[in-house]
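To keep things clear, I will list the structure first and then write my remarks on it.
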Amino acid sequence: VQLQAYGGGLVQAGGSLRLSCAASGRTFSAYGLGWFRQAPGKEREFVAAITRTYGSIYYADPVKGRFTISRDNAKHTVTLQMNNLNAEDTAVYYCAATNTATIRAEEYHYWGQGTHVTVSS
């Protein structure tokens with residue numbers, strides 16, 4: 001599966017952004033999907049994940065209550081709605097796909113190219 005993330009940009013603190021990730025391939029519904037981010041000078045970290053059957057959704061603690069992950073299997077997209085953004089959310093955001101249900105980056109085998117999110121304080 002090939003992934004293409006988009007929707008990043010510059011936003012003021014307290015604002016919102018909606019990231020989307022479009023996937024190619026006929027077996028989109030068979031994959032668990034996740035969002036990760038990498039801030040300047042930091043390692044890539046988990047943000048949110050949704051399993052292939054909508055059975056489970058996971059969030060990293062810093063984004064709980066502010067971010068919402070969802071997927072549309074018919075449109076082959078996964079979306080990350082980000083509300084109440086703060087400067088610590090500034091990062092490159094990546095969407096990824098996995099054959100299992102996991103929040104571990106090393107278990108995601110397909111990655112999009114990343115989209116930049118900058119939050120000004």
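For the pair Q12 and V119, the minimum side-chain heavy-atom distance is 4.5 Å or more.
Under a 3.5 Å cut-off, the side chain of T115 and the backbone N or O of G8 do form a donor-acceptor pair. Between the side chain of H76 and the backbone N or O of G25 there is at least one donor-acceptor pair closer than 3.5 Å. Side chain of T102 to main chain of E107: no donor-acceptor pair is present (N/O by atom type, distance under 3.5 Å, no hydrogens or angles). Without hydrogens or angle criteria, T118 side chain to T90 main chain gives no donor-acceptor distance under 3.5 Å. Judged purely by atom type and a 3.5 angstrom limit, T51 uses its side chain to pair as donor or acceptor with the backbone of S56. In terms of modelled atom types and a separation under 3.5 Å, the side chain of Y110 and the main chain of A23 share no donor-acceptor contact.
Here the SG atom belonging to C95 is positioned 8.0 Å from the CG atom belonging to L33, to the nearest 0.5 angstrom. We find the CG-OG distance between L85 and S120 to be 10.0 Å, quoted to the nearest 0.5 Å. Separation of atoms CG (N83) and CZ (R66) is listed at 9.0 Å; rounding is to 0.5 Å. In this structure, the separation between CG on L19 and CD on Q81 is 8.5 Å, given to the nearest 0.5 Å. Here the CE-OG1 distance, from M82 to T68, works out to 11.0 Å after rounding to the nearest 0.5 Å. For the atom pair CD1 of I50 and CH2 of W35, the computed distance is 12.5 Å after rounding to the nearest 0.5 Å.
V1 and S24 make their closest contact through CG2-O, 2.8 Å (heavy atoms, listed as atom of the first residue, atom of the second, distance). Closest non-hydrogen pair, Y108 versus G34, comes out as CE2-N, 3.6 Å. Here the closest non-hydrogen pair linking I103 and Y58 is CG2-CB, 3.8 Å. Nearest heavy atom pair, residue L3 against residue C21, reads CB-SG, 3.8 Å. In terms of heavy-atom proximity, S20 sits nearest to T79 at OG-OG1, 3.8 Å. Nearest approach of A87 to S121, heavy atoms of both residues: CB-CB, 4.5 Å.
Criterion: ILVMFWY side-chain heavy atoms under 4.5 Å apart, direct or through other members. Under it, W111 and V92 are part of a common hydrophobic cluster. In the hydrophobic clustering of this structure, F36 does not group with Y59; members are Ile, Leu, Val, Met, Phe, Trp, Tyr whose side-chain heavy atoms approach within less than 4.5 Å, directly or through other members. Y94 and Y31 fall into different hydrophobic clusters, defined by Ile, Leu, Val, Met, Phe, Trp and Tyr side-chain heavy atoms under 4.5 Å apart, directly or through other members.
Around atom CD of E106, more than 12 heavy atoms belonging to other residues, nucleotides or ligands sit under 6.0 Å away.
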Test side chain to side chain contact (heavy atoms under 4.5 Å, CB included) applied to I69 and I57, step by step: CA-CA 8 Å; I69 187 172; I57 290 177; 3.5 Å; yes
side-chain hydrogen bond (donor to acceptor under 3.5 Å, both in side chains) for D72 and T77? Distances and angles first, verdict last. CA-CA 5 Å; D72 187 330; T77 58; 5.0 Å; no
Got a list of side-chain donor-acceptor pairs under 3.5 Å for residues 42-49, not counting sequence neighbours?
from: E45; atom 1: OE2; to: R37; atom 2: NE; distance (Å): 2.6
from: E45; atom 1: OE2; to: R37; atom 2: NH2; distance (Å): 3.1

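Cation-pi geometry between R71 and F28 is met: the NZ or CZ atom falls under 6.0 Å from the ring centre, inside 45° of the normal.
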